[in-house]
Amino acid sequence: MEDEEVKREDTKAGASPQTIEDASPAALTGEAGKKKGRNKKTTGEAEGGKRSKGGRKTGGKKKAIADPVTVPEGTISVAEEGTGPARVTMATAPSVAVFQGAKVDLPREEKATVGSAAAATNLQTQEEVPSRVVKVHRIEAAIGEVNTRIVPDKVIVQGRVDLQIFFVTEAGEVHHLAEGTPFSSMLAIPGARPGMKAIVEPRVETVLFHLSEDGTTLVKKVLLEIFAKVVDEVQQNFLPGNGPLLLFDEVVGEATGQTLLENEVTLAIPALKVEEIRAELQEVTAEIIPDKVIVQGRIHKQIFFVDTAGMARHQAEDVPFTALLDLPGAAPGMQVRVWPKIEKVLFELAGPTLLREKVVVEVFAKVTTAVHFRATIGEGPLFRAKEIVGEGSGQLLRREVVRLERPAQKIREIVATLKDIKGTVIPGKAIVQGTVHKQIFFIGPDDIEYHQAEEVPFSLMIEIPGLARGAELVIEPTIASVLFNLLGPNELEEKVLVDLKLTAVEERQWRLSTGPGPLVLAEEVIGENIGQVLLRLVNRVPFAKRVVPITVMSTVQGQQVFREQIIVENEFTLPIPSIKIAEVRAEIVGLRAQVVTRGLVVEGTVVKEVKFVGEDEIVREVTEEVPFSLLVGIPAGFTPESVAVQIEEILFSLAPDGRSGRQVIVLSAEATALEVVTREIQLIRELVVPGLTVQSVLVEEPVLTPAGIGVWQFPVITGLSGPGLAEVVSATFGVHTLQVVGVGPQDLNVLEAITLRDP
């Protein structure tokens with residue numbers, strides 16, 4: 001059969017691809033090479049370039065406060081004429097997690113110079129399968145469930161690629177097969193730190209597929225491009241000038257306040273002692289009144305105590321709180337962001353079941369208002385800002401005749417608010433849609449006041465000359481007036497006038513000069529990076545195993561520290577159903593290392609102590625040992641000296657059934673090696689094994705061929721996973737500095753040699 005390629009025409013997940021036939025084995029290399037121009041993005045140099053449509057990031061001056069969580073901005077409502085509610089940002093407390101790594105020095109006899117790789121074995125097997133596919137009609141690919149996490153100097157991106165496969169059988173029937181596969185990538189961005197904002201744009205670059213001659217095996221290759229940018233929100237004064245017109249949030253003021261909450265709790269079971277009370281803030285909201293900010297929320301407390309039988313138990317409690325902050329200059333309609341945190345939790349067991357508690361809550365609030373500002377382009381830091389590309393306004397008058405549910409003698413009041421406001425951009429125009437929510441208060445014949453609610457959808461088109469697709473709309477809606485007239489006992493005429501002010505903006509980057517301008521919130525660009533992930537998926541396992549090596553000219557000089565990071569994923573089952581995980585502690589034990597061909601095999605065990613709360617509110621503890629092994633690639637000629645492994649991150653989740661869970665452990669290893677080596681290296685550019693998922697990166701390097709040395713573009717294998725690993729006897733990885741297409745020199749841990757199991 002011919003190789004066939006499905007290539008995406010745009011970057012939106014879910015867009016319909018075109019099907020292109022390509023009989024060349026290098027189809028993936030050629031197509032990915034064409035993307036080279038698009039991938040030339042440089043950190044700090046993308047003057048005026050736009051990358052994403054991310055919203056504003058909360059934060060401010062460098063304060064020791066928790067990371068904010070932004071309440072969704074999709075709901076816009078107006079409580080009174082000409083006013084709107086405040087947008088709120090809330091900080092959340094981190095989970096309890098303690099990690100401890102380990103280091104080992106290699107014995108003198110183990111400090112051998114890493115040698116050359118053994119020859120790879122290429123085996124062929126083929127099995128017959130009764131059913132047969134004669135043609136693959138098309139394959140649609142989309143990215144979903146993308147999660148990001150920032151660790152020091154890196155961004156971890158995890159997600160899932162969903163494939164929709166349409167194929168034709170011998171009977172002429174068209175069938176559909178849906179499947180998905182996870183992917184993960186770590187992009188190095190120096191300076192990135194937890195608490196900053198990551199803007200990630202993964203997209204499907206290319207999908208290649210090949211159907212075997214007997215129609216029983218479908219091999220798919222999915223090439224992903226992942227772009228990541230890290231920004232940090234700061235408060236900055238910019239120098240006014242004649243530069244681009246930008247939309248900023250100007251800082252009106254800041255305030256900090258404290259509140260003390262005292263209460264008594266009755267324990268469900270008599271206690272000997274209370275070991276700990278953990279408190280976190282939830283459902284925090286804020287409202288601006290003239291010169292003040294009102295903050296309300298809920299304190300969720302977890303009480304851990306020992307009962308009279310010596311059993312550890314748990315009890316939960318929720319307590320509301322309110323804080324009032326003085327903030328001169330604050331006014332309704334402005335934006336407010338709050339960072340609340342628990343300062344102190346004090347408690348006293350006054351009796352077997354009586355617990356007295358005191359909680360001190362500190363709240364930091366920042367009030368801002370939107371301003372238009374022309375900055376000066378200069379030699380300052382690189383900032384990401386919203387450039388105003390157009391403005392427009394419009395009015396909408398909605399007249400409705402409402403049937404009242406009961407007779408009325410007069411209407412006391414109609415309160416109207418706006419919600420579900422959203423905008424759509426078309427060339428030269430903006431379409432605004434939303435809902436007018438009305439609350440009608442009227443007096444019945446019995447002189448009793450009644451209430452009736454009503455929701456009326458609306459839409460309005462506003463012209464904005466020069467507006468292009470891709471722009472973002474900032475919508476400021478206002479209820480201008482509400483008029484009403486009682487036509488009869490059960491008929492009410494209503495007229496609602498809505499004012500809409502639109503500002504169209506596009507995200508861009510500039511180097512802005514600082515100076516005596518207004519104090520605004522700005523996003524400073526820390527760095528950005530692009531990575532590629534190549535996934536190989538196989539349907540209907542039986543097919544021929546294939547190993548395709550390539551010889552690359554490579555030179556490595558001087559002393560080096562070789563690093564390797566792996567993601568260890570596993571599922572676990574708790575002994576009984578639980579309602580939550582209380583604490584996770586982990587350390588590495590039994591660390592050992594052994595020199596192998598062009599690498600250092602490091603093995604050990606991650607010992608985790610997991611405290612969880614059962615459905616009976618008893619706190620239990622289980623210990624889990626997760627063995628791991630990783631290969632730190634070390635080129636030939638280097639002498640390993642020592643290796644250290646650290647636990648960088650543990651992502652821990654509990655399934656709805658309360659018993660099963662899933663964890664992702666990120667391990668980082670650093671090996672120190674000495675020597676200077678210049679050599680030819682053999683890499684594996686293609687590997688096909690039943691059930692094996694292969695991750696690759698497209699590189700461009702000098703290649704040794706029978707005709708001489710030439711520069712080629714080809715994929716190199718950076719990772720292996722899946723049940724097909726049972727077919728692998730040994731695999732040798734090495735770290736090499738290779739030219740990644742569209743990115744530049746990168747240190748990659750790539751497969752150099754592999755030995756497959758005999759059939």
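- In summary, Asp162 and Arg160 engage in a salt bridge, as defined by a charged side-chain N under 4.0 Å from a carboxylate O.
- In this structure a side-chain-to-backbone donor-acceptor pair under 3.5 Å is missing from Glu264 to Ala350.
- The two residues Asp616 and Arg620 come nearest to each other via the heavy atoms OD2-NH2, 3.0 Å.
- Smallest separation of non-hydrogen atoms from Gly633 and Val735: O-CG2, 3.3 Å.
- Using modelled atom types and a 3.5 Å distance limit, the side chains of Glu317 and Asn263 yield a donor-acceptor pair.
- The minimum heavy-atom distance linking Phe733 with Leu751 is given by the pair CD2-N, 3.5 Å.
- The two residues Ser184 and Ile567 have their closest heavy-atom pair at OG-CD1, 3.8 Å.
- Seen from the ring of Phe304, Arg278 counts as a face-on cation partner, given the 6.0 Å and 45° thresholds.
- Remark: Leu535 CG to Ser721 OG distance equals 8.5 Å, nearest 0.5 Å.
- Defined by atom type and a distance below 3.5 Å, a donor-acceptor pair is missing between the side-chain atoms of Gln158 and Asn147.
- Between Lys341 and Glu343 there is a salt bridge, with a side-chain nitrogen of the basic residue lying less than 4.0 Å from a carboxylate oxygen of the acidic one.
- Looking at heavy atoms from C-beta onward, Leu720 lies in side-chain contact with Leu725 at the 4.5 angstrom threshold.
- Judged by distance alone, the side chain of Asn529 and the main-chain N or O of Ala188 form a donor-acceptor pair under 3.5 Å.
- Smallest separation of non-hydrogen atoms from Leu349 and Leu354: CD1-O, 3.5 Å.
- Side-chain contact annotation: His300 with Gln282, donor-acceptor N/O pair under 3.5 Å absent.
- Counting only heavy atoms from C-beta outward, the side chains of Ile143 and Leu224 approach each other to under 4.5 Å.
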Quiz prompt | Pair Arg356-Glu262, salt bridge (Lys or Arg N to Asp or Glu O under 4.0 Å): steps then yes or no | solution = CA-CA 8 Å; Arg356 294 192 177 98; Glu262 300 183 63; over 6 Å; no
Quiz item: Does the salt bridge (Lys or Arg N to Asp or Glu O under 4.0 Å) test come out yes or no for Glu587 and Arg585, once each step is laid out?
Solution: CA-CA 7 Å; Glu587 65 174 335; Arg585 295 177 179 268; over 6 Å; no
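- Between Phe321 and Leu281 there is a side-chain heavy-atom pair separated by less than 4.5 Å.
- Taking a cutoff of 4.0 Å between a charged side-chain nitrogen and a carboxylate oxygen, Arg193 and Asp153 qualify as a salt bridge.
- Of the candidates Val207, Thr181, Val694, Leu537 forms a side chain to side chain contact (heavy atoms under 4.5 Å, CB included) with just one, namely Thr181.
- Lys608 and Gln663 form a side-chain donor-acceptor contact under 3.5 Å, judged by distance and modelled atom types alone.
- A donor-acceptor pair under 3.5 Å is absent between the side-chain atoms of Thr148 and the main chain of Ala198, judged by distance alone.
- In this structure a side-chain-to-backbone donor-acceptor pair under 3.5 Å is missing from Arg337 to Gln335.
- With Arg313 contributing its side chain and Val306 its backbone, the two residues share no donor-acceptor pair below 3.5 Å.
- Judged by distance alone, with hydrogens and angles left aside, the side-chain atoms of Ser185 form no donor-acceptor pair with the main-chain N or O of Val157 at under 3.5 Å.
- Pairing each heavy atom of Val336 with each of Ala286, the nearest pair is CG1-CB, 3.8 Å.
- The closest donor-acceptor contact from the side chain of Gln315 to the backbone of Ala268 lies under 3.5 Å.
- Checked by atom type and distance alone, the side chain of Arg298 never pairs as donor or acceptor with a backbone atom of Glu280 at under 3.5 Å.
- Applying the salt bridge (Lys or Arg N to Asp or Glu O under 4.0 Å) criterion to Glu348, with sequence neighbours excluded, gives no partner residue.
- Heavy-atom neighbours of Lys580 NZ from other residues, nucleotides or ligands within 6.0 Å: above the threshold of 12.
- Side-chain atoms of Asp307 never come within 3.5 Å of backbone atoms of Ala271 as a donor-acceptor pair (strictly under, hydrogens ignored).
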